[in-house]
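This report concerns only the one structure given below.
The structure displayed is predicted, hence computed values, not measured ones. Starting from 1, each residue takes its place in the sequence as its number.
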Amino acid sequence: QVQLVESGGGLVQPGESLRLSCAASGRNINSYYVMGWYRRAPGKQREVVATISSYGTTYYSDPVKGRFTISGNALNTVTLQMDVLKPEDTAVYYCNLKQSDSDNWGQGTQVTVSS
């Protein structure tokens with residue numbers, strides 16, 4: 001089983017930055033996987049924010065392109081640097097690891113952008 005431990009999040013003002021990190025552990029992590037962040041805003045469905053594969057291929061959703069940066073390392077840790085945050089970025093952010101035989105989720109961390 002894969003465990004995902006998230007850190008980061010909190011309350012910031014518009015225009016400020018936050019960093020989220022997610023560390024994956026367990027004996028069942030394959031050599032190829034895709035890790036990333038999803039978010040669910042109040043009253044909305046969960047949506048993808050950004051992902052990175054174990055090969056380094058990245059994906060960003062349109063609302064965060066140019067503001068968020070996702071990075072990973074060989075220790076199965078993924079970081080999401082969020083800059084120029086907007087009120088519409090307010091949501092619970094979930095770490096995810098997808099691989100051929102499992103789809104794993106973290107417990108979520110709250111990000112609130114408000115003045």
Side-chain angles (χ1 to χ4, degrees):
Q1 188 167 347
V2 176
Q3 294 81 40
L4 300 176
V5 178
E6 303 157 332
S7 61
L11 170 64
V12 296
Q13 295 188 347
E16 294 185 339
S17 299
L18 274 177
R19 179 178 296 176
L20 304 180
S21 292
C22 177
S25 62
R27 293 185 295 176
N28 299 322
I29 297 176
N30 299 337
S31 59
Y32 179 76
Y33 57 79
V34 178
M35 282 187 74
W37 291 91
Y38 291 68
R39 67 186 181 188
R40 176 176 285 153
K44 296 186 178 181
Q45 291 187 332
R46 186 166 57 193
E47 62 178 2
V48 62
V49 176
T51 63
I52 185 167
S53 76
S54 53
Y55 294 167
T57 303
T58 59
Y59 167 83
Y60 296 94
S61 63
D62 286 343
V64 308
K65 277 181 183 176
R67 299 188 297 122
F68 291 11
T69 303
I70 192 167
S71 59
N73 62 30
L75 298 178
N76 302 326
T77 298
V78 170
T79 298
L80 183 68
Q81 177 66 38
M82 305 185 292
D83 297 318
V84 195
L85 282 161
K86 304 176 181 180
E88 51 263 44
D89 294 318
T90 296
V92 178
Y93 284 69
Y94 297 90
C95 180
N96 174 265
L97 186 152
K98 296 187 193 298
Q99 53 189 11
S100 62
D101 55 0
S102 68
D103 187 7
N104 308 276
W105 293 92
Q107 292 190 333
T109 185
Q110 177 70 45
V111 171
T112 302
V113 185
S114 175
S115 55

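- Formation of a donor-acceptor pair under 3.5 Å by the Glu47 side chain with backbone atoms of Gln45 is not found in this model.
- Between Ser54 and Ser31, the shortest heavy-atom contact is OG-O, 3.0 Å.
- Using a 4.5 Å cut-off on side-chain heavy atoms (C-beta onward), Pro87 and Pro14 make contact.
- Using a 4.5 Å cut-off between side-chain heavy atoms of Ile, Leu, Val, Met, Phe, Trp and Tyr, with links allowed through other members, Leu20 and Val2 fall into the same hydrophobic cluster.
- Between Thr90 and Arg39, the closest side-chain pair of non-hydrogen atoms is not below 4.5 Å.
- Asp62 pairs by the side chain to side chain contact (heavy atoms under 4.5 Å, CB included) definition with Lys65, not counting sequence neighbours.
- Between the side chain of Ser102 and the main chain of Gln99, no donor-acceptor pair closer than 3.5 Å is present.
- When the side chains of ILVMFWY residues are joined at heavy-atom separations under 4.5 Å, either directly or via intervening members, Tyr38 and Met82 end up in two distinct hydrophobic clusters.
- The two residues Thr109 and Gly8 have their closest heavy-atom pair at OG1-O, 2.9 Å.
- Here the straight-line distance linking atom CG of Leu97 with atom OG1 of Thr51 works out to 11.0 Å at 0.5 Å rounding.
- Linking Ile, Leu, Val, Met, Phe, Trp and Tyr whenever their side-chain heavy atoms come within less than 4.5 Å puts Tyr60 and Leu85 in one cluster.
- The two residues Ser17 and Val12 make their nearest non-hydrogen contact at O-CG1, 3.9 Å.
- Placement of Tyr59 and Trp37 in two distinct hydrophobic clusters is found when ILVMFWY residues are connected by side-chain heavy-atom separations under 4.5 Å, directly or transitively.
- To the nearest 0.5 Å, atoms CG (Asp83) and CZ (Arg19) are separated by 9.0 Å.
- Environment of CD in Gln107: sparse, with no more than 12 heavy atoms of neighbouring residues, nucleotides or ligands closer than 6.0 Å.
- Note that CG of Asp103 and OG of Ser100 are 11.5 Å apart. Values are rounded to the nearest 0.5 Å.
- To the nearest 0.5 angstrom, Tyr93 atom OH is 14.0 Å from Arg46 atom CZ.
- Sorted by first then second residue, the disulfide bond (SG atoms under 2.5 Å apart) pairs that include residues 16-107, not counting sequence neighbours, are Cys22-Cys95.
- Here the closest heavy-atom approach between residue Lys44 and residue Arg40 is recorded as O-CG, 3.4 Å.
- Atom CZ in Phe68 sits 14.5 Å away from atom OG1 in Thr58 (nearest 0.5 Å).
- Taking CD1 of Ile52 as the reference point, atom OG1 of Thr57 lies at 8.0 Å (rounded to 0.5 Å).
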Practice item. For the pair Asp89 and Arg67, evaluate side-chain contact (heavy atoms from CB on, under 4.5 Å) and give the outcome as yes or no after the intermediate values. Key: CA-CA 11 Å; Asp89 294 318; Arg67 299 188 297 122; 2.8 Å; yes
Exercise for review: For Met35 and Ile70, run side-chain contact (heavy atoms from CB on, under 4.5 Å): C-alpha distance rounded to whole Å, both residues' side-chain angles, the deciding distance at 0.1 Å, then the answer.
Suggested key: CA-CA 10 Å; Met35 282 187 74; Ile70 192 167; over 6 Å; no
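- Defined by atom type and a distance below 3.5 Å, a donor-acceptor pair is missing between the side-chain atoms of Thr79 and Gln81.
- Under a hydrophobic-cluster definition in which Ile, Leu, Val, Met, Phe, Trp and Tyr are linked whenever side-chain heavy atoms come within less than 4.5 Å, directly or via other members, Val111 and Tyr94 are assigned to different clusters.
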